[in-house]
There are 2 protein chains.
Amino acid sequence: MSKQAASLPVIDLTADTPCCPPLAQRRVPAETAAVLAPAFKALGDPVRLQLMSMIASAEGGEACVCDLTPAFDLTGPTISHHLKTLREAGLVDAERRGTWVYYRARPAILRQLAGLLTVDPTAAA
Amino acid sequence: MSKQAASLPVIDLTADTPCCPPLAQRRVPAETAAVLAPAFKALGDPVRLQLMSMIASAEGGEACVCDLTPAFDLTGPTISHHLKTLREAGLVDAERRGTWVYYRARPAILRQLAGLLTVDPTAAA
DNA sequence: TGTCTGATTCGACAGACGTCAAGACAGGCG
DNA sequence: CGCCTGTCTTGACGTCTGTCGAATCAGACA
């Protein structure tokens, strides 16, 4: 990732984000929207949504790229690109161990997003 | 981007969608991903995320376009375009009453999305 | 009827996105 | 060392997206 920091924010939502009163409870301020929208955007592709699920639901909490790639009818570079998108959105972490690279979900941000979308149970459908 | 459905799917997620065991619990099947990803995608823009919040948190559960538009530094057509995107994603409903058009959130799909992102509280950050 | 206001649609444009092939990089092994 | 396998980066291509101005549609009202 030998790039300048400008293009790769690598959001850290684990800590001081102006987090998550439910979307339907208080109006989301522009700054919060700017921070969280990229995470939703990252989940807004069917392939990435499945990748996210495969990683988050994997045994041991992590998944190897070598297991993810063959699950799709896409080339390796394309999967790698999607994983990079998830990484830059702060949704997953990557770690190289020997030959293989493992991806791990970051539950904190998932909880934030879920909290944002939470709806009062008394609200009608 | 992936495919593009003919034109206006206008997803109805209120009923028979193969809904929502949490993303981290069971791997999301391709069909479910294809149905839900567009909803996340619709929320993946800061303007739409704020629009969604303004609508969902509005008094009476609905918001007039005339109240939404001036909250942004964007033209009317652009706001209208974003609202159309939210509508096509099944996140909101529109209703014209006289001169004004009112938008109303659809809690059911918000609940589905929130459920998908739910994480076991025992999971570490 | 005509006109005014609010909202959407249309047409166009720059920029971003998803995808692939080809190449580069990293680590293991002979 | 060289070679192999797994992963990522680069460069390119076509499509989609966000935005605007202009035109159009829908009601209200005189």
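Numbers restart at 1 for each chain; the letters A, B, ... are given by sequence-line order, proteins then strands.
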> According to salt bridge (charged side-chain N to carboxylate O under 4.0 Å, His left out), who are the partners of A:Arg104, at least two apart in sequence or on a separate chain?
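In terms of salt bridge (charged side-chain N to carboxylate O under 4.0 Å, His left out), with neighbours along the sequence ignored, A:Arg104 is linked to A:Glu62.
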
> Round to a whole Å and report the spacing from CG of A:Asp45 to C1' of C:dA16.
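Distance check: A:Asp45 CG to C:dA16 C1' gives 14 Å.
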
> What's the CG-C1' distance between B:Leu49 and D:dG18, to the nearest Å?
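Rounding to the nearest Å, CG of B:Leu49 and C1' of D:dG18 are 16 Å apart.
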
> To the nearest 0.5 Å, tell me how far B:Arg106 CZ sits from B:Arg111 CZ.
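The distance works out to 12.5 Å.
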
> Tell me which residues in residues 97-104 of chain A put a heavy atom below 4.0 Å from DNA chain D, sorted by number, or none.
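Close to the strand are A:Thr99, A:Trp100, A:Val101, A:Tyr103.
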
> Please state whether the phosphate of D:dG18, meaning OP1 or OP2, lies under 4.0 angstrom from any side-chain nitrogen or oxygen of B:Arg48.
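Yes, B:Arg48 has a side-chain N/O under 4.0 Å of OP1/OP2 on D:dG18.
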
> Atom NZ of B:Lys84 to atom C1' of D:dT19: distance rounded to whole Å?
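Roughly 15 Å, once rounded to whole Å.
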
> Could you state the interatomic distance from CZ (A:Arg27) to OG (B:Ser53), rounded to the nearest 0.5 Å?
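Answer for the CZ-OG pair, A:Arg27 versus B:Ser53, is 8.0 Å.
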
> Within 45 degrees of the ring normal and closer than 6.0 Å to the centroid, is that where the cationic atom of B:Arg97 sits relative to B:Tyr102?
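Cation-pi check for B:Arg97 and B:Tyr102: passes.
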
> Round to the nearest Å and state the distance from B:Glu95 atom CD to D:dG27 atom C1'.
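To the nearest whole Å, that distance equals 15 Å.
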
> Nearest 0.5 Å, please: how far is NZ in A:Lys41 from CG in B:Leu43?
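Atom-to-atom, B:Leu43:CG and A:Lys41:NZ are 13.0 Å apart.
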
> Which pairs, with at least one residue in residues 63-76 of chain A and sequence neighbours excluded, count as a side-chain hydrogen bond (donor to acceptor under 3.5 Å, both in side chains)?
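Pairs touching residues 63-76 of chain A that pass the test: A:Thr75-A:Thr78.
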
> Could you tell me which residues satisfy side chain to side chain contact (heavy atoms under 4.5 Å, CB included) with B:Ala37, sequence neighbours excluded, listed by chain and number?
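Result, side chain to side chain contact (heavy atoms under 4.5 Å, CB included) vs B:Ala37: A:Pro46, A:Leu49.
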
> Considering residues at least two apart in sequence or located in another chain, which fulfil the side chain to side chain contact (heavy atoms under 4.5 Å, CB included) criterion with A:Ala30?
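Residues passing side chain to side chain contact (heavy atoms under 4.5 Å, CB included) with A:Ala30: B:Gln50.
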
> CZ of A:Arg48 to CD1 of A:Ile55: how many Å apart, nearest 0.5 Å?
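If we round to the nearest 0.5 Å, A:Arg48:CZ and A:Ile55:CD1 are 12.0 Å apart.
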
> Counting only heavy atoms and a strict 4.0 angstrom limit, can you tell me which residues of residues 58-83 of chain A come near DNA chain D?
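When residues 58-83 of chain A is checked for heavy atoms under 4.0 Å from DNA chain D, the hits, listed by number, are A:Cys64, A:Val65, A:Cys66, A:Pro77, A:Ser80.
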
> Just the rounded figure in Å: distance from P of C:dG18 to CG of A:Leu86.
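Going from A:Leu86 (CG) to C:dG18 (P), I get 10 Å.
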
> Check the distance between C:dA26's P and A:Arg96's CZ and give it to me in whole angstrom.
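Those two atoms, CZ and P, are 8 Å apart.
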
> OP1 or OP2 of D:dT17 versus the side-chain N and O atoms of B:Lys41: is any pair under 4.0 Å?
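For D:dT17, OP1/OP2 do have a side-chain N/O of B:Lys41 under 4.0 Å.
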
